[in-house]
Novice: 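Questions regarding the structure given below will be posed in turn.
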Protein chains: 2
Amino acid sequence: MTTTATTLKGQPLDRQTLDAMLRRRLFYTPAFEIYGGVAGLFDYGPPGCALQAHIVDLWRKHFILEEDMLEVDCTVLTPHEVLKTSGHVDKFADWMCKDPKNGDILRADHFVEDVLEARLKGDKEARGQKVEEEDDPKKKKKRKQKTEAVKLDDAVVQEYEEILAKIDNYNGEELGELIKKYDLRNPATGLQPSPPVSFNLMFQTAIGPSSNLPGYMRPETAQGQFLNFAKLLDFNMQQMPFASASIGRSYRNEISPRAGLLRVREFLMAEIEHFVDPEGGKKHARFAEVENVELTLLDRHTQLSGKTDVKKMTIGDAVRNKVVDNETLGYFVARIHLFLQKIGVDMTKVRFRQHMENEMAHYAADCWDAELFTSSGWIECVGCADRSAYDLSVHAKKTGAPLIVRERLDEPRVIEEWQVEIDKKKFGPQFKKDGKTVEAALEATTQEQREKLAKQLTDNGELELEVAGVADGKVKVSKDLVKVEFRKRVENTREYVPNVIEPSFGIGRIMYSLIEHVYWNRATEDGGDEARGVLSFPPTIAPTKVLIVPLSANKQFQPFVNKISQKLRKIGISARVDASSATIGKRYSRNDELGTPLGVTIDFQTVQDSTITLRDRDSTKQVRADEDTIVSAIQSLVTGSKEWKDIAAELPAFEGQEVDVAVR
Amino acid sequence: MTTTATTLKGQPLDRQTLDAMLRRRLFYTPAFEIYGGVAGLFDYGPPGCALQAHIVDLWRKHFILEEDMLEVDCTVLTPHEVLKTSGHVDKFADWMCKDPKNGDILRADHFVEDVLEARLKGDKEARGQKVEEEDDPKKKKKRKQKTEAVKLDDAVVQEYEEILAKIDNYNGEELGELIKKYDLRNPATGLQPSPPVSFNLMFQTAIGPSSNLPGYMRPETAQGQFLNFAKLLDFNMQQMPFASASIGRSYRNEISPRAGLLRVREFLMAEIEHFVDPEGGKKHARFAEVENVELTLLDRHTQLSGKTDVKKMTIGDAVRNKVVDNETLGYFVARIHLFLQKIGVDMTKVRFRQHMENEMAHYAADCWDAELFTSSGWIECVGCADRSAYDLSVHAKKTGAPLIVRERLDEPRVIEEWQVEIDKKKFGPQFKKDGKTVEAALEATTQEQREKLAKQLTDNGELELEVAGVADGKVKVSKDLVKVEFRKRVENTREYVPNVIEPSFGIGRIMYSLIEHVYWNRATEDGGDEARGVLSFPPTIAPTKVLIVPLSANKQFQPFVNKISQKLRKIGISARVDASSATIGKRYSRNDELGTPLGVTIDFQTVQDSTITLRDRDSTKQVRADEDTIVSAIQSLVTGSKEWKDIAAELPAFEGQEVDVAVR
């Protein structure tokens, strides 16, 4: 596996040169730059915008249309209570500390990690050992720290290494203790930062004029989908399994975003929530279609042993061998792989990494990330998590809404169990507004709990129940309001809370990684000395498909330019005309940087016989034919039904104008 | 012009029935409903989502692709300073007052309007006059007020009418005075509300961990486009005119949103900023293509005379007669008309209304709204404003960024004028961080001002200048730092700040109005008594294009269902299968409500000869042919190249299953 980022042609990738090109060509630009900019906020210009639209379009076809998913579009504004229930208000936070002198705000875990790593590096230098660039799977981004060659005791080295291995496990207090114990100092000031405080990553606002409804900008699109579950199941005519999907922006108030498009505060997500019966092993009806897809996997066990060796394995084998837990999770992992392939990602720079136990989000039962290799290391671009029944359960418990599936059984089942019977007539008046919540809490008790509650009722004439948010959290219910008894029951239907498999895509990260994967330098390739960047996007997703260039400003060319433009527009293919006075070579170079895969030239021969030439960006080869033949060739390239080699084989080659590129 | 909303077939439109249907079919649903909902926030379910996507897609083709606009995608999060400069922090506000007893929050202008109108109505009743439903162009929504039949003095009636005519002109203090003077009371409590206070409509938040960067969620997408103007001009290789465009969400914290999808707090906008040279009459190169488009216009003069009579006029005549100010504005008004027509809006329910002077946004020089008639009256769905050079000028002045166009002149011009010459070496040290701002303020002075400043320098050895935001707003500059002299200058280039024509679309409002326009009731039409809603979307924008129904659950049908599904999916046409046990008639009824234009039935004849039937939603007529012929018919209907009457003429009619609908 590579440890240094390279271009499409294997050249060393110079991130600064690439970034400068992307900004010059307006793929993206810092937002509010004339006002000094705001960290973590970027705007997309026309090529970035078009690239994003094509990736989203392909995503919609590959996932939503292909599998009849139910697309929903929910609001970004979300009231406090929803995100309190989901756990985000309490847990969606990072620890931050502050430098007492310069006011630097530091993410505590990153700070401890950086200082300890710098010391270990210094120790190695002092011992005369080779310092290797690490390829740590959990490291999202290389942060720079100056190292000093200072030798440490062997015992200290071991302590540091143990701390680093479990850095994700420390809470704020513990991180604070580490800072004190090891006297960790901010290199910028030489001072210890303040003790870590929790910083919630959600942007807060207030909804409505009286400011009495606190809310947040959503940190993910998932919650809106969960809250609509019952309506979506109804829309799907009670058929399970099914998936909802959503494409929209989410917001995270990162403590110190610095990695360009890879860690931003406002970003486009595409998320699928696939609802599945937890019983029966989470099979997937279309698994057979993907079982032979070969994936690059980095499982939990390998990582636990401190290694990053990947295994190549078909998803069929991975599920059979229990490397990947179940068919549904495996199906989506394979579908993600196919999607990345389709948009032109370099598949030698993709791996699926299983989350470590301590690393998963508070709701996840299992999770595989699609990671793409870039100049910033391995970047998590897609998460594929089994969120179990967590979200539907907590929202149902909080609101009393029945976020469940009722399934008719072919044969009735006789069940003996502890049952709760509530006297609703008396219940309401007694508990007033809390009635529903107490009721839901009673209904949510387990068989074990019910056995104990039954005993309480017999012994004390009342039971005591923990109900979060009601009174002081404990509620007493007397026996004239509720019965808890062991009874027989015949079930004709089965009720269950579905589990959720969630493939979650960070579109911006995928876009940026893809750009690195398709980038190369033509001059270096040719042995020239001038940098000439090329972005070899597949025609299906390239921002603009065709560049139309008249040979010169001669007015004879104009009608031909208009005609070809209109023809392409009519079949929905985006083209741009460059009638500037620059040489044809310069005009093509500019569009190489924009990733435009095809070029059409109108020259004097066009005026004579109405033929035009078509140029392939990657090979710079040209063919020549009449307008309709060229338009149809363009269409087959853009829809992906043909490749350039097919066109080159079908149509006569043309070598005329390329000389112009050379003399540029 | 209609004053009561009707369905597509002229039936009276029952909004409650329609709304219930839209929610049942999950076009939209109140967001966070299981948590009690939040006013003004709605989610779109699958059909709403698909409809929105198709409208946006068509918008992108009709505007962006057709005219090579530069699409940008800017952040929603916007720092305070940007919106302070644009005027939104100070002026994007409504006046609100509060009921002292029940805490009701009222929009002050609406409150005054409602109470006075109720009194006028009561007066009419007392006089025994007929009370007509008003068709007030400025009234966005009918608000209910109980009327009492109380006769007023003639003088009072006149006073009230005068107040209502200029209700948009009052500030908060004046509205407060009206409330006191006329003793206006909240009908809910019988009390006068508190004096109006200004309430800014932007959602506020803080960016970054130290909360030191206040920001807002953008109230429009326009500002991001303006801030990127220089980069976009560069991307366009300095060619003028050009347009940028943006599709994205905006946010307005409405005081009391109540009109369903028509007044919401989070909404999708599509905005175009067309940058044009203010000299030369703002001609448009493609105006000739639209000049014969006939529009329904309600101009400012007609409204001033208290009337709402519209005029039918071609846009060519409107511009020639100066009803519409210039070609560029006129071009976009016509293009908006064509867009609305394309998506299926009932063009008899569309008018373009010119803004009154006192009604325009703080930045606008002229503005025409496309209004669509609905059950809530005339609804502003698209604004088409000439924002003049306002935005670019204020941002340039604030930041010092050159948001201008430099144009090479064919012949140099000799100009005599007052010139400012700044000694930059001394200027910086003197004014430090304010240097750029003072410099920009000096550069921005007019010829008249410069003449006076020159005199000040001569007389006093220094000049005094107003510079907002620096010191106490006044700055003194001595003659060793600046010269102001009357000189000759030869210009080879011309510099100017472009004007902006801004067509701005509220996608949600367009969607909802369109739904009302295409809605009708089949049962009423047939004389039946059961309500059977139909949404007659054109196939191009219908959420789902094809319903596939097997006649029954017979397993023989399954391979045919799969085959036709796959064929449609392959050509990108969205279809849904309904294999439920309901009758074919019920299944078609459900899809009438979803607006699915086409239905394919697989029956026993299919098993025999592989033919399938195709049903037209609106006429319920069917044709029958082999699979490939039907697929190709579907494709031509969905792309809009054919209409049903063409298909009905080409393929043999089929009358078999319709009997099933009748016996339902």
Side-chain angles (χ1 to χ4, degrees), chain A residues 26 29 31-35 38-39 41-46 48-50 52 61 65-66 68 70-79 81-82 96 105 199 203-210 213 217 224 227-228 231-232 235 237 249 251 253 255-256 265-266 395 399 401 569 572 574 576 580, chain B residues 26 29 31-35 38-39 41-46 48-50 52 61 65-66 68 70-79 81-82 96 105 199 203-210 213 217 224 227-228 231-232 235 237 249 251 253 255-256 265-266 395 399 401 569 572 574 576 580:
Chain A
L26 222 47
T29 185
F32 317 109
E33 197 170 22
I34 66 172
Y35 279 84
V38 177
L41 295 183
F42 295 93
D43 294 341
Y44 289 163
C49 227
Q52 176 180 266
K61 283 189 187 127
L65 194 62
E66 179 66 29
D68 281 340
L70 305 183
E71 190 173 352
V72 295
D73 196 7
C74 302
T75 61
V76 166
L77 287 166
T78 308
E81 218 185 341
V82 170
M96 70 171 183
I105 290 184
F199 176 68
F203 287 98
Q204 200 164 4
T205 191
I207 306 171
S210 50
L213 186 62
M217 300 171 77
L227 298 188
N228 283 312
K231 294 172 190 169
L232 290 166
F235 185 84
M237 299 185 281
R249 294 214 185 164
Y251 295 81
N253 199 0
I255 290 178
S256 53
R265 286 173 166 156
E266 176 168 343
H395 288 303
T399 62
R569 195 182 288 145
S574 65
R576 285 194 80 83
S580 70
Chain B
L26 222 47
T29 186
F32 316 109
E33 199 171 22
I34 65 172
Y35 278 84
V38 177
L41 295 182
F42 296 92
D43 293 340
Y44 289 163
C49 226
Q52 175 181 268
K61 283 188 187 127
L65 194 62
E66 179 66 30
D68 282 339
L70 305 183
E71 189 174 351
V72 294
D73 194 7
C74 302
T75 61
V76 166
L77 287 167
T78 308
E81 218 185 342
V82 170
M96 71 170 181
I105 290 184
F199 175 68
F203 287 98
Q204 202 167 358
T205 191
I207 305 170
S210 51
L213 186 62
M217 299 170 78
L227 298 189
N228 284 312
K231 294 173 192 170
L232 290 166
F235 185 85
M237 298 185 283
R249 295 214 184 164
Y251 296 81
N253 199 2
I255 290 177
S256 53
R265 289 173 165 156
E266 175 168 343
H395 288 303
T399 63
R569 193 182 288 145
S574 65
R576 285 192 79 83
S580 70

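Here is the naming used below: chain letters follow the sequence lines, and residue numbers restart at 1 for every chain. These values consider heavy atoms only, across backbone and side chains, with no hydrogens, waters or symmetry-generated copies. Source: prediction; values computed, not measured.
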Novice: Spell out, as yes or no, whether a donor-acceptor pair under 3.5 Å connects the side chain of A:Gln204 to the backbone of B:Thr205.
Specialist: no
Novice: May I have the step-by-step check of side chain to side chain contact (heavy atoms under 4.5 Å, CB included) for A:Val38 and B:Leu77, ending in yes or no?
Specialist: CA-CA 10 Å; A:Val38 177; B:Leu77 287 167; over 6 Å; no
Novice: Pick one of side chain, backbone, both or neither for B:Glu266, based on which atoms fall under 4.5 Å of a heavy atom in chain A.
Specialist: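 Just its side chain gets close to chain A.
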Novice: Under 4.5 Å heavy-atom distance to chain B, tell me which part of A:Gln52 shows up: side chain, backbone, both or neither.
Specialist: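 Contact with chain B involves the side chain of A:Gln52 alone.
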Novice: Start with the C-alpha gap between B:Val72 and A:Leu26, add the side-chain angles, then the distance that decides, and say whether side chain to side chain contact (heavy atoms under 4.5 Å, CB included) holds.
Specialist: CA-CA 9 Å; B:Val72 294; A:Leu26 222 47; 5.9 Å; no
Novice: Spell out, as yes or no, whether a donor-acceptor pair under 3.5 Å connects the side chain of A:Thr75 to the backbone of B:Leu41.
Specialist: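 No; zero donor-acceptor contacts below 3.5 Å.
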Novice: Need one label for A:Phe42: side chain, backbone, both or neither, based on atoms under 4.5 Å from any heavy atom in chain B.
Specialist: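 Looking at A:Phe42, just its backbone touches chain B.
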Novice: Kindly determine whether B:Lys231 and A:Glu33 satisfy side chain to side chain contact (heavy atoms under 4.5 Å, CB included), including the steps that lead there.
Specialist: CA-CA 11 Å; B:Lys231 294 173 192 170; A:Glu33 197 170 22; 2.5 Å; yes
Novice: Check for a donor-acceptor pair, side chain of B:Asn253 on one end and backbone N or O of A:Gly208 on the other, with a separation under 3.5 Å.
Specialist: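 Confirmed, B:Asn253 side chain pairs with A:Gly208 backbone.
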Novice: Is the shortest distance from a Lys or Arg side-chain nitrogen in B:Asp73 or A:Arg249 to a carboxylate oxygen in the other one below 4.0 Å?
Specialist: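 Yes, this pair counts.
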Novice: Between A:Thr399 and B:Tyr35 (side chain of the first, backbone of the second, donor and acceptor by atom type, cut-off under 3.5 Å), is there such a pair?
Specialist: no
Novice: When heavy-atom pairs shorter than 4.5 Å are enumerated against chain B, which of A:Glu81, A:Glu66, A:Met217, A:Arg576 gives the highest number?
Specialist: A:Glu66
